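Structure record follows, encoded as structure tokens.
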There are 2 protein chains.
Amino acid sequence: MTDLEQYLQTYFDFTQTDLAKVAAFFKPEVIRKGEFYLKIGKPCQKLSFLQSGMLRVFVDLEDREVTQWISTKGYFITDLAGLVFSKPSRWNIQALTDTAVYTIDKTDYDSLSKYIPRWPETEKLFIAHCFSTLEDRVFSFLSKTAEERYNMLFESNRELFNQVPLQYIASMLGMTPETFSRIRRKQLN
Amino acid sequence: MTDLEQYLQTYFDFTQTDLAKVAAFFKPEVIRKGEFYLKIGKPCQKLSFLQSGMLRVFVDLEDREVTQWISTKGYFITDLAGLVFSKPSRWNIQALTDTAVYTIDKTDYDSLSKYIPRWPETEKLFIAHCFSTLEDRVFSFLSKTAEERYNMLFESNRELFNQVPLQYIASMLGMTPETFSRIRRKQLN
DNA sequence: GAAGCCACTTGATCTATATCAAGAAATCAA
DNA sequence: TTGATTTCTTGATATAGATCAAGTGGCTTC
């Protein structure tokens with residue numbers, strides 16, 4: 001069983017048969033460090049499962065970049081609004097390291113329910129789960145300090161802190177690299 | 001055509017027949033000012049369409065309340081994670097004024113696809129839309145000042161500012177009532 | 001292994017926003 | 001109406017976090 005199948009299984013509770021059917025639509029692909037998976041304004045006609053490496057979701061403002069998310073091993077990556085509504089992407093997605101993904105294109109993605117009767121239900125659960133995660137994230141900005149947000153992320157995703165330029169994590173947590181660095185030192189003591 | 005049907009139509013692009021079918025599942029209900037639509041820890045076994053009035057989504061912390069959202073005329077209200085995953089609700093939802101809603105209970109909600117073949121697709125689009133809105137909200141915390149967030153909300157939902165205790169709007173924007181008040185004065189000049 | 005480039009750290013200072021404390025205004029209750 | 005709450009404003013002050021400006025220490029590249 002591939003990583004992809006394993007992941008789909010834990011996540012979606014498919015039968016072995018459905019698992020294989022779904023997985024067959026995903027094609028392996030490598031994005032080299034620095035290459036873009038997606039650029040702002042382009043249509044997003046694919047969904048990928050991240051097998052190894054890291055992708056950063058970000059936006060360029062006049063005076064700085066804002067990192068919205070960093071996707072690591074075991075996550076899916078796409079611009080959901082782009083995929084679902086065929087809108088131009090609102091995010092850049094770029095490889096921080098050489099990154100191996102399995103990709104399904106929109107056409108195949110949209111056809112999944114023909115082959116997997118339970119797909120629409122599964123897909124709903126998945127998107128609802130993503131929604132719920134974002135609700136928590138919004139709540140963290142409403143109710144937590146920079147230090148508390150740092151600690152939450154550190155507890156839940158320690159590996160990130162060794163593998164990614166820290167300035168990107170800082171941005172994703174809504175603070176400057178300097179603040180991040182000071183909090184980090186404080187927590188190490 | 002009821003408000004509900006009208007709203008469902010603009011939102012979901014149903015046929016007239018499907019529209020009537022769906023709408024028939026929703027029962028009118030009134031929540032008096034101060035009453036709770038939902039309490040933290042309780043299961044959320046319903047979804048409602050807000051016909052008039054206002055509901056506030058919030059959490060009690062030790063030393064303060066945090067308002068996560070205020071739902072007004074024309075919005076849906078539920079705890080999505082509760083509805084979809086049958087988890088205990090993570091939010092309190094309380095009426096700020098006497099509020100008229102149309103409510104569908106979970107059992108009926110889950111059965112919709114039996115009557116409306118296009119329901120799963122529609123439901124997916126709806127949840128994906130909610131997700132996308134939250135993405136924008138997260139981004140606003142990563143990239144905007146309190147004043148910028150104030151202005152964004154003011155432009156997009158001016159009525160809210162006349163109808164709701166301002167402290168709740170302040171909380172929902174991630175600032176104190178004092179800061180909100182000062183920004184407000186500044187913008188009025 | 002020197003030169004250059006990043007990423008990170010650290011200190012000094014600044015600023016947006018929070019906190020604290022009163023008062024004014026609005027709303028509610030009887 | 002009148003008093004009692006609650007909400008909003010305003011000022012004074014405090015502070016978390018930003019900004020600015022040098023460093024330092026790795027990596028990379030030739």
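Below, chains carry the letters A, B, ... as their sequence lines are ordered, and counting in each starts from 1. No experiment lies behind these values; they were computed from the predicted model shown.
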Of all the nucleotides listed (C:dC28, D:dT9, C:dG11), which has the minimum atom distance to the side chain of B:S181?
D:dT9

B:K46 to B:Y37, cation-pi by 6.0 Å centre distance and 45° axis angle:
yes

Between A:L96 (CG) and C:dC6 (C1'), how many Å, whole number?
14 Å

Please report the distance, rounded to the nearest Å, between CZ in A:F161 and C1' in C:dA7.
16 Å

Do B:K106's NZ or CZ and the ring of B:Y109 fall within the cation-pi criteria of under 6.0 Å and 45°?
no

So if I take the C1' atoms of five pairs at each end of the helix from C:dG1-D:dC30 to C:dA30-D:dT1 and get each local axis, what angle do the two axes make, rounded to 10 degrees?
50°

Counting heavy atoms from C-beta on, name the nucleotide in C:dC8, C:dG11, D:dG11 closest to the side chain of A:R182.
C:dG11

Taking the side chain of B:P165 as its heavy atoms from C-beta onward, which of C:dA7, D:dA18, D:dC8 lies nearest to it?
D:dC8

From C-beta outward on A:R185, which listed nucleotide comes closest to its side chain: C:dG11, D:dT10, C:dA7?
C:dG11

Consider the side chain of B:T179, meaning its heavy atoms from C-beta on, and name the nucleotide among D:dT19, C:dT9, C:dA18 that approaches it most closely.
C:dA18

Without decimals, in angstroms, what is the distance between A:K186 NZ and C:dT9 P?
16 Å

Counting heavy atoms from C-beta on, name the nucleotide in C:dT17, C:dA7, D:dA18 closest to the side chain of A:Y168.
C:dA7

Quick one: pull up OG in A:S48 and CG in A:L50 and give me the separation to the nearest 0.5 Å.
8.0 Å

Report the nucleotide, chosen from C:dT17, D:dC20, D:dG17, that has the shortest atom-to-atom distance to any side-chain atom of A:A146.
D:dG17

Taking the six-membered ring of B:F58, is the NZ or CZ of B:R56 close enough (under 6.0 Å from the centre) and on axis enough (within 45°)?
yes

Consider the side chain of A:L166, meaning its heavy atoms from C-beta on, and name the nucleotide among C:dC8, D:dC8, C:dT19 that approaches it most closely.
C:dC8

Nearest-Å distance for atom pair CZ/P, residues A:F180 and C:dC8:
8 Å

So does A:E178 reach the base of C:dC8 with its side chain, donor to acceptor, closer than 3.5 Å?
no

Please give, in whole Å, the distance from D:dT5 C1' to B:K33 NZ?
12 Å

So that I know where these two stand, are B:W91 and A:F139 an aromatic pair - ring centroids less than 6.0 Å apart?
yes

In terms of heavy-atom contacts, A:S71 and A:I77 come closest through CB-CD1, 3.6 Å

For ring pair (Phe, Tyr, Trp, His ring centres under 6.0 Å), just list the numbers for B:Y102 and B:Y7, CA-CA rounded to whole Å, side-chain angles, deciding distance to a tenth of an Å, and then say yes or no.
CA-CA 12 Å; B:Y102 290 99; B:Y7 181 81; over 10 Å; no

